[in-house]
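Order of the sequence lines sets the chain letters (A, B, ...), proteins ahead of strands, with each chain counted from 1. Model, not experiment: these values are computed from the prediction.
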Number of protein chains: 2
Amino acid sequence: MNSARIDLRAIIKQEGLRYTTQREAVWRELQSSDNHRDAESIYFTLRGRSINISRATVYRTIEILVKYNLVRKLDLGDGRSRFECKLGSGHHDHLICTKCGRIDEFVNDDVEELQKSIAAENNYVLSNHIHQLFGLCENCQNEEDK
Amino acid sequence: MNSARIDLRAIIKQEGLRYTTQREAVWRELQSSDNHRDAESIYFTLRGRSINISRATVYRTIEILVKYNLVRKLDLGDGRSRFECKLGSGHHDHLICTKCGRIDEFVNDDVEELQKSIAAENNYVLSNHIHQLFGLCENCQNEEDK
DNA sequence: TTATATGCAAACCCTTTGCAATCCG
DNA sequence: CGGATTGCAAAGGGTTTGCATATAA
């Protein structure tokens, strides 16, 4: 897998865009963190590191990263989008703990196949899907007992 | 199935709430339409029928209907929630046409079972899920050819 | 009567946009 | 230098909330 080294600068320049401190910082932040970040947290983390950046630039940069397939945008239904770096992990869906907000990933080939069948039965040509399972994670189940 | 006659008045009163023209109107509107309505469309339809109602009341009423399990809230990821009457249809998930916005429903028991397995494998106790397939519906595929 | 529900407008939250200033190339 | 990019603040879009008024029971 070529995920270890992705040169954002090369991609950016190839597209005739400019490689800026802010773009590099957002990309680094998404790459280094354990996924599922929202714009606000990226904004605050970078500000905390004395990187001069605005919310607007965070959003504009994420838009570019999503466009070039480096980042995936998640909608968990709570009003704010989450973003995860696509490098190092293939397609997967999510398990979300409704109590603590923990997010786990899952992959299930059978479900993937069934989705294709469902689409075919309904005469749809699929482009993508959202599959999210909500419930209590192991830790939060134990909390309930106390 | 007892879907033919649900007396909202009875439910509302049982809860110590008041049965108002507005609540009745929103409920009727959701029951009579072919599902997947957003708040704005309900608001405008009712206004168009000379029913005095505000957006705030539409939202407040829907909240009650969702709470008492009469209506399901859908998040299709485009920023506005859709609502569908739960009467007359059991659990189902959705196929959404990314071109025309058409929404179809599907049920697949195998997927439902697999979800349980996935949850179990990850030590989650499931409460609900979102499963949406996005693509082109039959009509829009044909449009593409032209 | 009297507390609940309503309408209105303002507030909210997240996100996007306009624009002058900045900076990459 | 010159146009792409930025920061700021304002605007947007959907939804919620505060409050005085209207209304169900």
Whole-Å distance separating the CG atom of B:D78 from the P atom of C:dC14:
18 Å

Shortest non-hydrogen contact between A:L30 and A:C85, atoms and distance
O-CB, 3.5 Å

Mind listing the residues from residues 15-24 of chain B sitting with a heavy atom below 4.0 Å of DNA chain C? Number order is fine.
B:L17, B:R18, B:T20, B:Q22, B:R23

In whole angstrom, what separates B:Y59's OH from C:dA11's C1'?
15 Å

For the side chain of A:R80, starting at C-beta, report the closest nucleotide among C:dT15, C:dT6, C:dG18.
C:dT15

In Å and rounded to the nearest 0.5 Å, what is the CD1 to OG distance from A:I96 to B:S127?
10.0 Å

Heavy-atom closest pair (B:A39 atom, B:V58 atom, distance to 0.1 Å) is O-CG1, 3.9 Å

Using a strict 4.0 Å threshold on nitrogen-to-oxygen distance, state whether B:E29 and B:R37 make a salt bridge.
yes

Taking 4.0 Å as the cut-off, does a side-chain nitrogen or oxygen of A:S81 come that near to OP1 or OP2 on C:dT15?
yes

Any donor-acceptor pair under 3.5 Å linking the side chain of B:Q132 with the backbone of B:H94?
no

Expressed as a whole number of angstroms, how long is the span from B:N52:CG to C:dT6:P?
11 Å

Rounded to the nearest Å, what distance is computed from the CD1 atom of residue B:I51 to the C1' atom of nucleotide C:dT6?
15 Å

Could you tell me the separation between the CZ atom of A:R60 and the C1' atom of C:dT16, rounded to a whole number of Å?
9 Å

Under 4.0 Å from any heavy atom of chain A: name the first and the last nucleotide of DNA chain D that qualifies, 5' to 3'.
D:dG2 to D:dC8

Between B:T61 (side chain) and B:R23 (backbone), is there a donor-acceptor pair under 3.5 Å?
no

Salt-bridge criterion met for B:E63 and B:R60 (N-O under 4.0 Å):
no

Please state how far atom OH in A:Y43 lies from atom P in C:dT16, giving the value in whole angstrom units.
16 Å

Could you tell me if B:D93 and A:H131 have a donor-acceptor pair between their side chains, going purely by distance under 3.5 Å?
no

Which whole-number value in Å describes the distance from A:I42 CD1 to C:dT15 C1'?
14 Å

